[in-house]
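Below is one structure, written out as C-alpha coordinates; comments come after it.
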2 protein chains.
Amino acid sequence: MLTDAIVSGRLKPGDRVAESVIARDLGVSRAPVREAGRLLESAGLLVSKANRGFFVRTIDSEDLDSLYELRLCIEREATARVVREGRSGEIIPTLLAQIDEMVGLSQDSQLIYQIGIDLKFHRTIVEHSGNRRFLAVFDKLASEIQACTALIERVFDEPGKVARNHYLIVDALETGDEIAAREAMDYHIGVAREAVVGHFRKLEAESGAQV
Amino acid sequence: MLTDAIVSGRLKPGDRVAESVIARDLGVSRAPVREAGRLLESAGLLVSKANRGFFVRTIDSEDLDSLYELRLCIEREATARVVREGRSGEIIPTLLAQIDEMVGLSQDSQLIYQIGIDLKFHRTIVEHSGNRRFLAVFDKLASEIQACTALIERVFDEPGKVARNHYLIVDALETGDEIAAREAMDYHIGVAREAVVGHFRKLEAESGAQV
DNA sequence: TCAAGCAAAATTGTCGACAGGCGACAATTT
DNA sequence: AAATTGTCGCCTGTCGACAATTTTGCTTGA
(Lines give C-alpha, C1' and ligand atoms only; values in the text may rest on other atoms or scores of the structure.)
Protein backbone atom coordinates (compact mmCIF):
# COMPACT_ATOMS: atom_id res chain seq x y z
CA MET A 1 0.00 0.00 0.00
CA LEU A 2 1.60 3.20 1.16
CA THR A 3 4.82 1.59 2.28
CA ASP A 4 5.53 0.25 -1.17
CA ALA A 5 4.92 3.61 -2.79
CA ILE A 6 7.45 5.20 -0.51
CA VAL A 7 10.27 2.71 -0.78
CA SER A 8 9.68 1.44 -4.28
CA GLY A 9 11.58 4.12 -6.03
CA ARG A 10 14.45 6.40 -6.28
CA LEU A 11 15.73 7.33 -2.82
CA LYS A 12 19.38 7.67 -1.96
CA PRO A 13 20.54 6.75 1.52
CA GLY A 14 20.48 9.74 3.81
CA ASP A 15 17.72 11.37 1.79
CA ARG A 16 15.10 13.19 3.70
CA VAL A 17 11.55 11.88 3.49
CA ALA A 18 9.18 14.73 4.36
CA GLU A 19 5.81 13.44 5.40
CA SER A 20 4.12 16.57 4.07
CA VAL A 21 5.59 15.95 0.62
CA ILE A 22 4.61 12.29 0.59
CA ALA A 23 1.13 13.18 1.80
CA ARG A 24 0.73 15.71 -1.01
CA ASP A 25 2.03 13.28 -3.62
CA LEU A 26 -0.30 10.52 -2.52
CA GLY A 27 -3.27 12.78 -1.95
CA VAL A 28 -3.86 11.74 1.64
CA SER A 29 -3.50 13.40 4.99
CA ARG A 30 -0.25 13.39 6.93
CA ALA A 31 -1.58 11.05 9.62
CA PRO A 32 -1.49 7.84 7.58
CA VAL A 33 1.90 8.77 6.16
CA ARG A 34 3.11 9.16 9.70
CA GLU A 35 1.86 5.67 10.54
CA ALA A 36 3.57 4.20 7.51
CA GLY A 37 6.75 6.03 8.47
CA ARG A 38 6.76 4.47 11.92
CA LEU A 39 6.25 1.11 10.30
CA LEU A 40 9.21 1.57 8.00
CA GLU A 41 11.22 2.85 10.90
CA SER A 42 10.62 -0.29 12.92
CA ALA A 43 11.45 -2.26 9.79
CA GLY A 44 14.80 -0.50 9.81
CA LEU A 45 14.44 1.29 6.50
CA LEU A 46 13.97 4.78 7.90
CA VAL A 47 15.28 6.63 10.91
CA SER A 48 13.53 9.58 12.52
CA LYS A 49 15.15 12.63 14.06
CA ALA A 50 13.24 14.85 16.47
CA ASN A 51 11.62 17.79 14.72
CA ARG A 52 13.36 16.81 11.48
CA GLY A 53 11.30 13.88 10.31
CA PHE A 54 12.34 10.73 8.50
CA PHE A 55 15.51 9.96 6.63
CA VAL A 56 16.47 6.96 4.55
CA ARG A 57 18.74 4.84 6.66
CA THR A 58 22.44 4.78 5.88
CA ILE A 59 24.53 1.73 6.58
CA ASP A 60 28.26 1.08 6.66
CA SER A 61 30.21 -2.14 6.36
CA GLU A 62 30.65 -2.45 10.11
CA ASP A 63 26.90 -2.27 10.62
CA LEU A 64 26.32 -4.75 7.83
CA ASP A 65 28.79 -7.10 9.49
CA SER A 66 26.90 -6.75 12.75
CA LEU A 67 23.71 -7.53 10.91
CA TYR A 68 25.07 -10.75 9.49
CA GLU A 69 26.58 -11.77 12.82
CA LEU A 70 23.20 -11.35 14.45
CA ARG A 71 21.57 -13.35 11.71
CA LEU A 72 24.18 -16.01 12.27
CA CYS A 73 23.37 -16.29 15.97
CA ILE A 74 19.66 -16.62 15.32
CA GLU A 75 19.69 -18.95 12.36
CA ARG A 76 22.28 -21.43 13.52
CA GLU A 77 20.36 -21.90 16.73
CA ALA A 78 17.09 -22.12 14.84
CA THR A 79 18.53 -24.80 12.59
CA ALA A 80 19.69 -26.80 15.58
CA ARG A 81 16.25 -26.44 17.12
CA VAL A 82 14.53 -27.75 14.01
CA VAL A 83 16.54 -30.95 14.33
CA ARG A 84 16.11 -31.16 18.09
CA GLU A 85 12.34 -30.81 17.86
CA GLY A 86 12.25 -33.42 15.13
CA ARG A 87 10.68 -31.18 12.52
CA SER A 88 13.26 -31.69 9.77
CA GLY A 89 11.26 -34.19 7.74
CA GLU A 90 8.26 -31.94 7.88
CA ILE A 91 9.95 -29.05 6.09
CA ILE A 92 12.54 -30.70 3.84
CA PRO A 93 10.17 -31.03 0.86
CA THR A 94 9.39 -27.33 1.09
CA LEU A 95 13.05 -26.43 1.32
CA LEU A 96 13.97 -28.57 -1.69
CA ALA A 97 11.24 -26.96 -3.76
CA GLN A 98 12.54 -23.53 -2.81
CA ILE A 99 16.08 -24.41 -3.83
CA ASP A 100 14.84 -25.68 -7.18
CA GLU A 101 13.02 -22.43 -7.70
CA MET A 102 16.14 -20.49 -6.83
CA VAL A 103 18.24 -22.46 -9.29
CA GLY A 104 15.65 -21.77 -11.94
CA LEU A 105 15.92 -18.04 -11.27
CA SER A 106 19.69 -17.88 -11.62
CA GLN A 107 19.55 -15.62 -14.65
CA ASP A 108 21.03 -12.18 -14.13
CA SER A 109 17.80 -10.33 -14.65
CA GLN A 110 16.00 -12.42 -12.05
CA LEU A 111 18.46 -11.99 -9.21
CA ILE A 112 16.01 -9.90 -7.23
CA TYR A 113 13.48 -12.72 -7.28
CA GLN A 114 16.14 -15.22 -6.34
CA ILE A 115 16.97 -13.10 -3.30
CA GLY A 116 13.32 -13.24 -2.35
CA ILE A 117 13.23 -17.04 -2.48
CA ASP A 118 16.53 -17.23 -0.64
CA LEU A 119 14.96 -15.31 2.22
CA LYS A 120 11.90 -17.54 2.14
CA PHE A 121 14.13 -20.58 2.47
CA HIS A 122 15.80 -19.22 5.57
CA ARG A 123 12.48 -18.05 6.96
CA THR A 124 11.00 -21.51 6.60
CA ILE A 125 13.69 -22.89 8.86
CA VAL A 126 13.39 -20.14 11.44
CA GLU A 127 9.61 -20.38 11.38
CA HIS A 128 9.71 -24.06 12.29
CA SER A 129 12.33 -23.69 14.98
CA GLY A 130 9.60 -23.29 17.57
CA ASN A 131 11.04 -20.03 18.86
CA ARG A 132 8.73 -17.12 18.03
CA ARG A 133 11.31 -14.54 19.05
CA PHE A 134 13.77 -15.87 16.53
CA LEU A 135 11.17 -15.41 13.84
CA ALA A 136 10.34 -11.89 14.99
CA VAL A 137 13.97 -10.80 14.83
CA PHE A 138 14.48 -12.54 11.52
CA ASP A 139 11.48 -10.82 9.97
CA LYS A 140 12.74 -7.49 11.12
CA LEU A 141 16.15 -8.08 9.62
CA ALA A 142 14.75 -9.62 6.46
CA SER A 143 13.46 -6.39 4.99
CA GLU A 144 16.80 -4.75 5.67
CA ILE A 145 18.80 -7.55 4.17
CA GLN A 146 16.56 -7.65 1.15
CA ALA A 147 16.74 -3.89 0.68
CA CYS A 148 20.51 -3.90 1.01
CA THR A 149 20.94 -6.87 -1.27
CA ALA A 150 18.58 -5.40 -3.82
CA LEU A 151 20.75 -2.29 -3.96
CA ILE A 152 23.98 -4.19 -4.21
CA GLU A 153 22.38 -6.43 -6.82
CA ARG A 154 25.25 -8.66 -7.71
CA VAL A 155 27.76 -9.46 -4.99
CA PHE A 156 28.34 -13.03 -5.96
CA ASP A 157 29.81 -14.07 -9.26
CA GLU A 158 27.90 -17.28 -9.68
CA PRO A 159 24.30 -17.00 -8.53
CA GLY A 160 23.49 -20.57 -9.53
CA LYS A 161 26.25 -21.87 -7.30
CA VAL A 162 24.95 -19.88 -4.35
CA ALA A 163 21.49 -21.36 -4.83
CA ARG A 164 22.89 -24.88 -4.93
CA ASN A 165 24.86 -24.27 -1.73
CA HIS A 166 21.57 -24.51 0.11
CA TYR A 167 21.54 -28.24 -0.55
CA LEU A 168 24.27 -28.61 2.05
CA ILE A 169 21.90 -27.33 4.71
CA VAL A 170 19.16 -29.73 3.71
CA ASP A 171 21.69 -32.58 3.70
CA ALA A 172 22.70 -31.71 7.25
CA LEU A 173 19.07 -31.56 8.32
CA GLU A 174 18.54 -35.02 6.87
CA THR A 175 21.32 -36.56 8.94
CA GLY A 176 19.42 -35.58 12.07
CA ASP A 177 22.66 -34.44 13.67
CA GLU A 178 21.96 -31.24 15.57
CA ILE A 179 25.57 -30.09 15.59
CA ALA A 180 26.09 -30.81 11.92
CA ALA A 181 22.97 -28.82 11.07
CA ARG A 182 24.14 -25.89 13.15
CA GLU A 183 27.53 -25.91 11.49
CA ALA A 184 26.06 -26.14 8.02
CA MET A 185 24.03 -22.99 8.58
CA ASP A 186 27.01 -21.40 10.28
CA TYR A 187 29.16 -21.99 7.23
CA HIS A 188 26.47 -20.95 4.78
CA ILE A 189 25.85 -17.58 6.36
CA GLY A 190 29.52 -17.08 7.07
CA VAL A 191 30.28 -17.27 3.37
CA ALA A 192 27.55 -14.78 2.52
CA ARG A 193 28.74 -12.50 5.29
CA GLU A 194 32.29 -12.38 3.99
CA ALA A 195 31.18 -11.79 0.45
CA VAL A 196 28.70 -9.03 1.23
CA VAL A 197 30.84 -7.22 3.77
CA GLY A 198 33.90 -7.52 1.56
CA HIS A 199 32.02 -6.06 -1.36
CA PHE A 200 30.83 -3.23 0.81
CA ARG A 201 34.29 -2.43 2.09
CA LYS A 202 35.43 -2.01 -1.48
CA LEU A 203 32.58 0.40 -2.19
CA GLU A 204 33.47 2.40 0.91
CA ALA A 205 37.10 2.60 -0.09
CA GLU A 206 36.02 4.30 -3.30
CA SER A 207 33.44 6.71 -1.95
CA GLY A 208 31.86 7.62 1.37
CA ALA A 209 28.89 6.09 3.19
CA GLN A 210 26.53 3.77 1.38
CA VAL A 211 23.16 2.19 1.89
CA MET B 1 7.21 11.30 30.09
CA LEU B 2 4.02 9.87 28.66
CA THR B 3 5.30 6.36 28.37
CA ASP B 4 5.98 6.10 32.09
CA ALA B 5 2.54 7.38 32.95
CA ILE B 6 0.98 4.67 30.86
CA VAL B 7 2.96 1.69 32.02
CA SER B 8 3.79 2.74 35.58
CA GLY B 9 0.58 1.63 37.07
CA ARG B 10 -2.14 -0.78 37.37
CA LEU B 11 -2.70 -2.56 34.08
CA LYS B 12 -3.46 -6.25 33.75
CA PRO B 13 -2.14 -8.12 30.74
CA GLY B 14 -4.70 -8.16 27.99
CA ASP B 15 -6.21 -4.93 29.20
CA ARG B 16 -7.35 -2.52 26.59
CA VAL B 17 -5.59 0.82 26.44
CA ALA B 18 -7.91 3.32 24.77
CA GLU B 19 -6.02 6.28 23.40
CA SER B 20 -9.00 8.54 23.93
CA VAL B 21 -9.07 7.66 27.63
CA ILE B 22 -5.35 8.17 28.09
CA ALA B 23 -5.52 11.46 26.22
CA ARG B 24 -8.34 12.69 28.45
CA ASP B 25 -6.53 11.59 31.59
CA LEU B 26 -3.32 13.32 30.63
CA GLY B 27 -5.00 16.39 29.21
CA VAL B 28 -3.35 16.15 25.82
CA SER B 29 -4.53 15.42 22.32
CA ARG B 30 -4.76 11.90 20.93
CA ALA B 31 -1.86 12.39 18.54
CA PRO B 32 0.97 12.27 21.11
CA VAL B 33 -0.69 9.33 22.84
CA ARG B 34 -0.69 7.56 19.52
CA GLU B 35 3.02 8.20 19.12
CA ALA B 36 3.74 6.91 22.60
CA GLY B 37 1.64 3.87 21.82
CA ARG B 38 3.71 3.05 18.76
CA LEU B 39 6.82 3.46 20.88
CA LEU B 40 5.55 1.05 23.50
CA GLU B 41 4.47 -1.30 20.78
CA SER B 42 7.94 -1.48 19.28
CA ALA B 43 9.24 -1.91 22.83
CA GLY B 44 7.04 -4.97 23.05
CA LEU B 45 4.81 -3.79 25.88
CA LEU B 46 1.69 -3.19 23.81
CA VAL B 47 0.17 -4.76 20.75
CA SER B 48 -2.20 -2.99 18.38
CA LYS B 49 -5.14 -4.47 16.53
CA ALA B 50 -6.68 -2.73 13.54
CA ASN B 51 -9.66 -0.58 14.48
CA ARG B 52 -9.40 -1.91 18.02
CA GLY B 53 -6.52 0.07 19.48
CA PHE B 54 -3.81 -0.99 21.90
CA PHE B 55 -3.77 -3.84 24.37
CA VAL B 56 -1.31 -4.72 27.09
CA ARG B 57 0.75 -7.59 25.81
CA THR B 58 0.15 -11.03 27.21
CA ILE B 59 2.93 -13.54 27.50
CA ASP B 60 3.04 -17.26 28.20
CA SER B 61 5.83 -19.48 29.45
CA GLU B 62 6.70 -20.66 25.97
CA ASP B 63 7.16 -17.11 24.78
CA LEU B 64 9.18 -16.27 27.86
CA ASP B 65 11.40 -19.26 27.15
CA SER B 66 11.88 -18.02 23.59
CA LEU B 67 12.80 -14.64 24.99
CA TYR B 68 15.50 -16.05 27.20
CA GLU B 69 16.84 -18.28 24.46
CA LEU B 70 17.20 -15.27 22.21
CA ARG B 71 18.92 -13.36 24.97
CA LEU B 72 21.22 -16.29 25.41
CA CYS B 73 22.25 -16.27 21.75
CA ILE B 74 22.98 -12.56 21.80
CA GLU B 75 24.75 -12.27 25.10
CA ARG B 76 27.00 -15.28 24.94
CA GLU B 77 28.28 -14.10 21.59
CA ALA B 78 28.64 -10.56 22.89
CA THR B 79 30.66 -11.82 25.85
CA ALA B 80 32.96 -13.75 23.55
CA ARG B 81 33.38 -10.64 21.41
CA VAL B 82 34.36 -8.52 24.38
CA VAL B 83 37.24 -10.89 25.04
CA ARG B 84 38.17 -11.22 21.37
CA GLU B 85 38.32 -7.47 20.87
CA GLY B 86 40.41 -7.12 24.01
CA ARG B 87 38.00 -4.84 25.80
CA SER B 88 37.66 -6.88 29.01
CA GLY B 89 40.04 -4.80 31.11
CA GLU B 90 38.29 -1.66 30.03
CA ILE B 91 34.92 -2.65 31.48
CA ILE B 92 35.76 -4.91 34.41
CA PRO B 93 35.93 -2.06 36.95
CA THR B 94 32.46 -0.94 35.89
CA LEU B 95 31.11 -4.47 36.10
CA LEU B 96 32.53 -5.00 39.58
CA ALA B 97 31.00 -1.76 40.80
CA GLN B 98 27.63 -2.84 39.43
CA ILE B 99 27.81 -6.19 41.20
CA ASP B 100 28.65 -4.46 44.47
CA GLU B 101 25.66 -2.22 44.01
CA MET B 102 23.46 -5.23 43.35
CA VAL B 103 24.64 -7.02 46.45
CA GLY B 104 23.90 -3.89 48.44
CA LEU B 105 20.34 -3.88 47.09
CA SER B 106 19.57 -7.46 48.07
CA GLN B 107 16.90 -6.51 50.55
CA ASP B 108 13.43 -7.68 49.62
CA SER B 109 11.98 -4.24 49.18
CA GLN B 110 14.70 -3.22 46.76
CA LEU B 111 14.44 -6.11 44.37
CA ILE B 112 13.10 -3.91 41.62
CA TYR B 113 16.19 -1.71 41.77
CA GLN B 114 18.42 -4.77 41.81
CA ILE B 115 16.75 -5.95 38.62
CA GLY B 116 17.57 -2.59 37.09
CA ILE B 117 21.27 -2.87 37.96
CA ASP B 118 21.30 -6.45 36.78
CA LEU B 119 20.13 -5.29 33.38
CA LYS B 120 22.75 -2.53 33.36
CA PHE B 121 25.44 -5.10 34.04
CA HIS B 122 24.41 -7.16 31.06
CA ARG B 123 23.98 -4.09 28.92
CA THR B 124 27.51 -2.95 29.69
CA ILE B 125 28.86 -6.17 28.25
CA VAL B 126 26.66 -6.09 25.16
CA GLU B 127 27.42 -2.41 24.61
CA HIS B 128 31.15 -3.07 24.48
CA SER B 129 30.88 -6.12 22.26
CA GLY B 130 31.32 -3.92 19.21
CA ASN B 131 28.16 -5.21 17.57
CA ARG B 132 25.51 -2.50 17.42
CA ARG B 133 22.80 -4.91 16.36
CA PHE B 134 23.31 -6.97 19.48
CA LEU B 135 22.76 -3.85 21.54
CA ALA B 136 19.66 -2.90 19.58
CA VAL B 137 18.05 -6.29 20.16
CA PHE B 138 19.10 -6.34 23.78
CA ASP B 139 17.59 -2.92 24.44
CA LYS B 140 14.36 -4.03 22.88
CA LEU B 141 14.20 -7.13 25.03
CA ALA B 142 15.35 -5.32 28.15
CA SER B 143 12.15 -3.38 28.69
CA GLU B 144 10.16 -6.56 28.27
CA ILE B 145 12.29 -8.56 30.64
CA GLN B 146 12.22 -5.80 33.19
CA ALA B 147 8.46 -5.45 32.93
CA CYS B 148 7.94 -9.18 33.29
CA THR B 149 10.35 -9.51 36.15
CA ALA B 150 8.84 -6.55 37.92
CA LEU B 151 5.47 -8.31 37.86
CA ILE B 152 6.84 -11.61 39.03
CA GLU B 153 8.77 -9.81 41.76
CA ARG B 154 10.45 -12.69 43.48
CA VAL B 155 11.39 -15.73 41.45
CA PHE B 156 14.63 -16.49 43.19
CA ASP B 157 14.87 -17.40 46.83
CA GLU B 158 18.20 -15.78 47.56
CA PRO B 159 18.62 -12.48 45.72
CA GLY B 160 22.07 -11.87 47.22
CA LYS B 161 23.29 -15.13 45.80
CA VAL B 162 22.04 -14.22 42.34
CA ALA B 163 23.89 -10.92 42.50
CA ARG B 164 27.11 -12.64 43.51
CA ASN B 165 26.79 -15.12 40.66
CA HIS B 166 27.80 -12.30 38.37
CA TYR B 167 31.33 -12.55 39.73
CA LEU B 168 31.74 -15.76 37.76
CA ILE B 169 31.30 -13.84 34.54
CA VAL B 170 33.86 -11.23 35.50
CA ASP B 171 36.26 -14.00 36.49
CA ALA B 172 35.89 -15.58 33.08
CA LEU B 173 36.46 -12.23 31.40
CA GLU B 174 39.64 -11.80 33.37
CA THR B 175 41.08 -15.08 32.17
CA GLY B 176 40.96 -13.75 28.62
CA ASP B 177 39.65 -17.09 27.42
CA GLU B 178 36.96 -16.44 24.83
CA ILE B 179 35.33 -19.84 25.21
CA ALA B 180 35.32 -19.71 28.99
CA ALA B 181 33.68 -16.28 28.87
CA ARG B 182 31.02 -17.51 26.50
CA GLU B 183 30.26 -20.49 28.69
CA ALA B 184 30.11 -18.40 31.84
CA MET B 185 27.43 -16.20 30.33
CA ASP B 186 25.73 -19.24 28.89
CA TYR B 187 25.48 -20.82 32.31
CA HIS B 188 24.44 -17.59 34.01
CA ILE B 189 21.52 -16.92 31.69
CA GLY B 190 20.62 -20.60 31.57
CA VAL B 191 20.05 -20.62 35.32
CA ALA B 192 17.88 -17.52 35.16
CA ARG B 193 15.96 -18.98 32.25
CA GLU B 194 15.09 -22.16 34.10
CA ALA B 195 14.08 -20.30 37.23
CA VAL B 196 11.89 -17.73 35.49
CA VAL B 197 10.26 -20.11 33.06
CA GLY B 198 9.71 -22.68 35.80
CA HIS B 199 8.06 -20.09 38.00
CA PHE B 200 5.86 -19.07 35.12
CA ARG B 201 4.78 -22.59 34.33
CA LYS B 202 3.61 -22.96 37.90
CA LEU B 203 1.55 -19.78 37.62
CA GLU B 204 0.00 -21.02 34.40
CA ALA B 205 -0.92 -24.33 35.97
CA GLU B 206 -2.95 -22.45 38.56
CA SER B 207 -4.71 -19.93 36.35
CA GLY B 208 -4.82 -18.97 32.70
CA ALA B 209 -2.61 -16.60 30.72
CA GLN B 210 -0.24 -14.22 32.47
CA VAL B 211 1.89 -11.22 31.66
C1' DT C 1 -35.39 -17.40 29.77
C1' DC C 2 -32.63 -16.97 25.94
C1' DA C 3 -31.31 -15.66 21.24
C1' DA C 4 -31.29 -12.51 17.54
C1' DG C 5 -31.58 -8.08 15.71
C1' DC C 6 -31.15 -3.24 16.07
C1' DA C 7 -29.86 1.14 17.67
C1' DA C 8 -26.95 4.06 20.38
C1' DA C 9 -22.51 4.98 22.41
C1' DA C 10 -17.79 4.75 22.23
C1' DT C 11 -13.42 4.41 19.89
C1' DT C 12 -10.32 4.44 16.11
C1' DG C 13 -8.87 6.34 11.47
C1' DT C 14 -8.46 10.47 8.95
C1' DC C 15 -8.54 15.26 8.06
C1' DG C 16 -7.22 20.29 7.82
C1' DA C 17 -5.16 24.00 10.70
C1' DC C 18 -2.07 26.33 13.83
C1' DA C 19 2.18 26.98 16.67
C1' DG C 20 6.97 26.01 17.57
C1' DG C 21 11.53 24.37 16.05
C1' DC C 22 15.18 23.76 12.90
C1' DG C 23 18.02 24.67 8.86
C1' DA C 24 19.34 27.80 5.14
C1' DC C 25 20.52 32.05 3.62
C1' DA C 26 21.52 36.90 3.97
C1' DA C 27 23.24 40.79 6.49
C1' DT C 28 26.44 42.43 9.75
C1' DT C 29 30.56 42.42 12.42
C1' DT C 30 35.45 41.28 13.40
C1' DA D 1 37.64 36.99 4.07
C1' DA D 2 35.80 34.44 7.88
C1' DA D 3 32.73 34.15 11.55
C1' DT D 4 28.67 35.51 13.99
C1' DT D 5 24.00 37.02 14.21
C1' DG D 6 19.26 37.92 12.45
C1' DT D 7 15.53 36.60 9.41
C1' DC D 8 12.70 33.62 6.47
C1' DG D 9 10.53 29.51 5.10
C1' DC D 10 9.61 24.70 5.52
C1' DC D 11 8.56 20.93 8.33
C1' DT D 12 7.20 18.52 12.37
C1' DG D 13 4.40 18.23 16.70
C1' DT D 14 -0.01 18.99 18.36
C1' DC D 15 -4.79 20.08 18.25
C1' DG D 16 -10.00 19.73 17.68
C1' DA D 17 -13.49 17.81 14.52
C1' DC D 18 -15.70 14.53 11.49
C1' DA D 19 -16.43 9.89 9.38
C1' DA D 20 -16.14 4.87 9.65
C1' DT D 21 -16.10 0.96 12.41
C1' DT D 22 -16.74 -1.65 16.42
C1' DT D 23 -18.77 -2.57 20.81
C1' DT D 24 -22.51 -2.50 23.95
C1' DG D 25 -27.01 -2.38 25.71
C1' DC D 26 -31.75 -2.75 24.73
C1' DT D 27 -35.70 -4.30 22.57
C1' DT D 28 -38.27 -7.86 20.40
C1' DG D 29 -39.62 -12.30 19.37
C1' DA D 30 -39.78 -17.29 20.08
Side-chain angles (χ1 to χ4, degrees), chain A residues 1-60 136 139-140 143-144 147 207-211, chain B residues 1-59 136 139-140 143-144 147 208-211:
Chain A
M1 43 201 316
L2 288 178
T3 66
D4 308 320
I6 296 181
V7 184
S8 68
R10 58 292 125 173
L11 301 144
K12 302 164 201 73
D15 268 6
R16 185 173 188 172
V17 181
E19 60 182 52
S20 7
V21 176
I22 303 291
R24 219 185 349 256
D25 286 359
L26 275 73
V28 295
S29 170
R30 272 173 50 214
V33 176
R34 218 180 169 76
E35 298 288 315
R38 292 280 175 230
L39 224 63
L40 290 178
E41 185 183 18
S42 79
L45 297 178
L46 297 180
V47 292
S48 75
K49 298 181 182 178
N51 286 316
R52 297 298 322 281
F54 294 103
F55 295 81
V56 179
R57 151 152 217 182
T58 62
I59 198 170
D60 54 29
D139 279 340
K140 190 175 173 181
S143 58
E144 275 193 81
S207 57
Q210 301 280 340
V211 144
Chain B
M1 41 198 319
L2 288 177
T3 66
D4 308 320
I6 297 180
V7 183
S8 69
R10 57 289 127 177
L11 301 143
K12 301 163 204 72
D15 268 5
R16 185 173 188 174
V17 181
E19 60 182 53
S20 2
V21 177
I22 304 290
R24 223 187 343 259
D25 286 358
L26 275 74
V28 294
S29 170
R30 272 173 47 214
V33 175
R34 220 179 168 76
E35 296 288 314
R38 292 278 176 234
L39 224 63
L40 291 177
E41 184 183 19
S42 79
L45 297 178
L46 297 179
V47 293
S48 76
K49 299 180 182 178
N51 286 316
R52 299 288 322 281
F54 294 102
F55 296 81
V56 179
R57 152 155 215 179
T58 61
I59 198 171
D139 279 339
K140 189 173 173 181
S143 59
E144 274 193 82
Q210 300 280 339
V211 144

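In what follows, chains carry the letters A, B, and so on, assigned in the order in which the sequence lines appear, proteins first and then strands, with residues in each chain numbered from 1.
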query = Is it true that R38(B) and E35(B) make a salt bridge, defined as a side-chain N closer than 4.0 Å to a carboxylate O?
reply = no
request  = Any strand is fair game: report the nucleotide pairing with dT30(C) by Watson-Crick or G-U wobble, both distances under 3.5 Å, or none.
outcome  = dA1(D)
key: Criterion side-chain contact (heavy atoms from CB on, under 4.5 Å) on V17(A) and L46(A), from CA distance to verdict   = CA-CA 9 Å; V17(A) 181; L46(A) 297 180; 4.2 Å; yes
Over all atoms of both residues, closest heavy-atom pair of [X] and [Y]:
{"X": "R34(A)", "Y": "F54(A)", "result": "O-CZ, 4.4 Å"}
{"X": "S143(B)", "Y": "A43(B)", "result": "OG-O, 3.2 Å"}
{"X": "S29(B)", "Y": "V33(B)", "result": "O-CG2, 3.7 Å"}

Can you give me the N/O atom pairs linking the protein to nucleotides 11-15 of chain C at distances under 3.5 Å, or say none if there are none?
unit_1	atom_1	unit_2	atom_2	d
dT12(C)	OP1	E19(B)	N	3.1
dT12(C)	OP2	S20(B)	N	3.3
dT12(C)	OP2	S20(B)	OG	2.5
dG13(C)	OP1	N51(B)	N	3.2
dG13(C)	OP2	R34(B)	NH2	3.0
dG13(C)	N7	R30(B)	NH2	2.7
dG13(C)	O6	R30(B)	NH1	3.0
dC15(C)	OP2	S29(A)	N	2.7

